[in-house]
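A short write-up of the structure that comes next.
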Amino acid sequence: MNSTIAYLTTQLDRAIVAALGDDYAGTDPLLGLSSNPKFGDYQANMAMGLSKKLGQQPRQIAQSIVDNLDVAAVCEVPQIAGPGFINFTVKPSYLATQLQAMQLDSRLGVPVAEKPQRVIVDFSSPNIAKEMHVGHLRSTILGDCIARVLEFRGHDVLRLNHVGDWGTQFGMLILYLREAYPEALTTADALDLGDLVLLYKKAKQRFDEDAEFQAAARKEVVKLQAKDPDTIEAWNLLCDQSRREFQVIYDRLNVQLTERGESFYNPYLSTVVDDLRATGLLVESDGAQCVFLDGYTNRDGDPLPLIVQKTDGGYNYATTDLAAVRYRIQTDRADRIIYITDAGQSDHFAQVFQVAKLAKWIPEDVEIIHVPFGLVLGEHGKKIKTRSGETIKLKDLLDEAIERFSNDLKSRVAAEERQETDDFIANSAEIVGLSAVKYADLSQNRTSNYVFSYDKMLALQGNTAPYMMYAYVRVQGISRKGGIDFDRLGDRAQIILNEELELTLAKHLLQLGTVINEVERDLLPNRLCQYLFELSQKFNQFYDKHSVLQVEEPLRTSRLVLCDLTAKTLRLGLDLLGIPVLERM
RNA sequence: GGGUAAAUAGCUCAGUUGGAUAGAGCAACUACCUUCUAAGUAGUCGGUCGGGGGUUCGAGUCCCUCUUUACCCA
């Protein structure tokens with residue numbers, strides 16, 4: 001219903017000019033959806049603000065605007081209410097026309113972006129030799145959803161997995177494995193990721209306790225960076241091992257990613273430092289190459305540098321991230337770069353972006369943003385940390401989800417005396433379980449921390465994936481029962497909106513485009529979740545109160561169109577969340 | 001100590017450029033399946049939006065301040 005807002009805005013502007021004079025052309029009408037359905041569908045709030053300027057009562061101003069306003073093509077006569085709100089109620093005939101157009105459009109009325117952009121979404125980014133945990137779930141799911149929305153809007157999206165596959169920890173790990181488990185460094189599949197994680201922990205322990213080991217590990221890092229063949233082979237094996245396990249998770253979650261890990265930027269690191277030196281940003285401090293930025297201080301209140309080359313000549317995360325920024329702009333030609341990581345890294349990215357801007361790597365029209373998300377907290381409200389062993393492995397969470405939904409479905413099938421195959425139960429449980437986990441994450445405002453809870457994540461009532469999938473299933477039930485082929489309802493099916501619940505549902509369906517725009521702009525998937533939840537609620541209310549198959553034509557077809565549009569909107573919206581639909585459940 | 005977020009119903013959370021009587025879900029209680037799947041619907045209960053100032057026609061939303069919590073800081 002973007003077009004409705006556009007139409008009302010134009011008409012309001014004309015009326016404002018006619019009522020108040022040319023000086024007021026372009027006044028923001030403060031037009032939006034009504035705060036409460038009893039006031040109609042849209043409201044314009046500018047009369048109160050104009051009151052002081054004009055020295056008139058706001059209601060009087062509203063009245064003179066309404067007197068000059070022509071919106072009869074779309075709305076009933078606007079009403080003035082309260083201190084001076086102008087309320088609009090859309091005509092059912094107009095809604096019917098809009099719905100017909102939506103039914104004929106494979107994109108359900110959502111336009112493709114006028115200026116498609118090259119967008120990079122950097123997300124997921126697990127570390128080699130570490131298990132993916134619930135924190136990676138957030139990045140992965142949010143990134144996938146954001147990428148899907150941008151792709152749907154017609155942008156050219158590059159989904160990058162900035163895997164942690166480089167750094168000092170590899171020297172430590174390779175050295176330890178040479179001693180403790182040499183086969184792992186020469187044979188593929190000698191260990192699984194679980195073993196690797198355990199060995200990593202032991203290596204870390206050794207590293208922390210044994211100074212000699214520490215020194216040797218550093219030498220191993222140098223060998224890795226110097227591309228010593230044995231060390232590189234060992235490193236490749238370790239990466240492959242982790243990669244295979246990550247891929248299992250990505251496949252289950254149906255998430256596509258292009259891996260471009262930290263090691264990819266290795267050849268560009270020295271250029272970054274040279275470039276910063278050339279622009280005069282580099283300062284040597286205690287032997288390290290640093291960039292000092294305004295607004296950052298350390299514990300003692302001294303200026304805090306961003307170190308790009310350590311005293312020993314090595315590089316760090318900041319250097320890699322700077323190289324990535326540079327590469328993504330200069331080589332990938334990105335117009336918009338989106339980093340999806342936890343909020344704890346906000347300072348880091350702010351610094352990296354600021355340095356990149358000072359170095360003039362980021363053109364005016366390129367947007368580079370950190371899209372932070374809150375932490376997943378343990379039971380006691382503290383960050384879940386790998387070290388304390390509290391981490392919930394992603395794999396375990398997904399297995400648990402499927403297990404619970406499988407048990408639930410089995411008891412449901414037994415209680416309803418349904419005959420279902422084992423395949424049906426296994427498949428449904430898998431889809432519903434994974435969807436529930438995804439939705440639990442996406443439906444929350446990404447910026448807030450949340451306390452992890454199996455029960456909440458695997459709930460099946462209320463604002464959950466199963467609730468929405470169930471609404472979809474109900475429509476498919478109507479289709480089966482009535483032998484309805486929704487594709488054959490006819491291009492010009494008459495749409496009749498007499499009942500309150502039909503009107504409410506129709507109006508909500510037409511908000512899809514607005515919501516997708518918002519998600520594209522604010523990168524907040526929970527807005528889309530909220531929309532789909534409300535759509536399901538409105539559909540369920542309609543479904544509960546009005547029958548579809550058992551009413552006379554032409555009402556029957558009209559209602560079938562409403563059902564069909566609801567199902568299509570749910571399917572599209574859930575797809576943008578990375579959630580499939582089921583025909584039965 | 002500095003920085004960044006946050007504090008809304010018993011619990012978990014929404015709350016769109018500041019708009020009219022602050023909303024969901026869960027939990028608790030009640031009613032509705034011979035009817036298109038009850039994974040549903042309707043209802044009851046539940047709030048000094050952390051405290052205090054300020055800005056304005058109007059503040060959960062913006063500003064200041066205090067308290068508490070989380071995260072980041074060679």
Side-chain angles (χ1 to χ4, degrees), chain A residues 28 30-36 38-39 43-45 47-52 57-58 81-85 87 285-286 288 290 295-302 304-307 310-311 316 318 342-348 350-351 372 374-375 377 381-383 405 408-409 412 415-416 418 432 436 440 443-445 447-451 453 455-456 459-471 473-482 484 514-515 518 521-522 524 526-527 529-530 533-534 536-537 539-551 559-560 563 584-585:
Chain A
D28 186 348
L30 298 175
L31 180 70
L33 287 173
S34 278
S35 54
N36 186 325
K38 77 174 184 186
F39 300 126
Q43 60 182 62
N45 302 340
M48 284 79 78
L50 289 169
S51 168
K52 194 169 255 184
Q57 295 298 316
F85 298 106
N87 291 331
S285 168
D286 295 336
C290 311
Y296 293 92
T297 52
N298 68 7
R299 227 173 268 271
D300 304 317
D302 300 325
L304 181 71
L306 184 70
I307 297 178
K310 294 181 285 187
T311 319
N316 58 15
D342 71 87
Q345 298 186 50
S346 295
D347 280 352
H348 169 72
Q351 291 184 55
L375 302 167
L377 305 175
K382 303 275 184 190
K383 185 180 181 180
F405 283 100
D408 181 77
L409 185 54
R412 204 180 290 279
E416 293 168 9
R418 283 158 61 184
V432 176
S443 61
Q444 211 145 180
N445 186 316
T447 53
S448 44
N449 291 351
Y450 74 85
V451 177
S453 149
D455 288 339
K456 193 186 175 197
L460 35 73
Q461 275 140 16
N463 189 2
T464 61
Y467 180 83
M468 266 151 288
M469 297 171 95
Y470 188 70
V473 160
R474 284 181 141 179
V475 176
Q476 303 319 308
I478 289 175
S479 160
R480 273 194 307 278
K481 194 86 168 194
I484 308 294
T514 309
V515 170
E518 269 181 30
R521 189 192 60 211
D522 301 332
L524 289 172
N526 68 306
R527 296 270 169 77
C529 293
Q530 188 65 28
F533 176 53
E534 286 170 7
S536 306
Q537 277 186 316
F539 173 75
N540 278 332
Q541 288 162 0
F542 162 76
Y543 178 94
D544 200 57
K545 188 117 183 250
H546 302 293
S547 30
V548 176
L549 293 173
Q550 287 152 25
V551 297
R559 286 188 176 166
L560 283 168
C563 290
R584 298 195 303 121
M585 63 191 274

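Atom set for the values below is all heavy atoms of this structure, side chains included, hydrogens, waters and symmetry mates excluded. Nothing here was measured: the structure is a model prediction, and the numbers come from that model. Residue numbers begin at 1 in each chain, while the letters A, B, ... track the order of the sequences.
- Among the heavy atoms of the strands lying under 4.0 Å from A/Asn45 is at least one base atom, whether or not backbone atoms are also near.
- Close to B/A70, at under 4.0 Å from its OP1 or OP2, lies no side-chain N or O of A/Tyr450.
- Distance from the side chain of A/Tyr467 is smallest to B/U41 among B/A39, B/U41, B/A38.
- Closest non-hydrogen pair, A/Val432 versus A/Met585, comes out as CG2-CE, 4.4 Å.
- Heavy atoms of A/Gln530 sit under 4.0 angstrom from primed sugar atoms or phosphate atoms, though from no base atom.
- Counting non-hydrogen atoms under 4.0 angstrom, A/Met469 reaches nothing in the nucleic acid.
- At the phosphate of B/U37, neither OP1 nor OP2 sits under 4.0 Å from any side-chain N or O atom of A/Arg474.
- Residue A/Ser35 is in base contact, counting any heavy-atom pair closer than 4.0 Å across all strands shown.
- Nucleotide B/C33 is shown with a syn base, its glycosidic torsion being within 90° of 0.
- For B/A14, the OP1/OP2 oxygens have a side-chain nitrogen or oxygen of A/Ser448 closer than 4.0 Å.
- Using a 4.0 Å heavy-atom distance criterion, A/Asn526 is classed as a sugar-phosphate-only contact.
- With B/U12, B/C36, B/G15 as the candidates, the nucleotide lying closest to the side chain of A/Lys456 is B/U12.
- As judged by a 4.0 angstrom heavy-atom cut-off over every strand, A/Ala81 is placed among the base-contacting residues.
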* Asked: Where do A/Glu534 and A/Gln530 land on the side chain to side chain donor-acceptor pair (under 3.5 Å) test, with the steps shown first?
  -> CA-CA 6 Å; A/Glu534 286 170 7; A/Gln530 188 65 28; 3.0 Å; yes
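- Across every non-hydrogen atom of A/Leu524 and A/Asn445, the tightest pair is CD2-OD1, 3.9 Å.
- B/U8 and B/G25: their C1' atoms are spaced 15 Å apart (whole Å).
- For the atom pair OH of A/Tyr470 and CG of A/Asn540, the computed distance is 8.0 Å after rounding to the nearest 0.5 Å.
- Remark: ring of A/Phe85 stacked against base of B/A20; centroid gap under 5.5 Å, plane tilt under 30°.
- In this structure, A/Leu31 reaches the bases: a heavy-atom distance under 4.0 Å links it to at least one base atom across the strands shown.
- The base of B/A20 is paired with the side chain of A/Asn87 by a donor and an acceptor separated by under 3.5 Å.
- A/Asp28 comes within contact range of at least one nucleobase, with a heavy-atom separation under 4.0 Å.
- Closest approach to the A/Asp544 side chain among B/C71, B/U41, B/A39 is made by B/U41 (side chain taken as heavy atoms from C-beta onward).
- Side-chain contact check for A/Ser453 and A/Asp455: no donor-acceptor pair (N or O, by modelled atom type) lies under 3.5 Å.
- Both thresholds, 5.5 Å between centres and 30° between ring planes, are not jointly met by A/Phe533 relative to the base of B/A24, so the two rings are not stacked.
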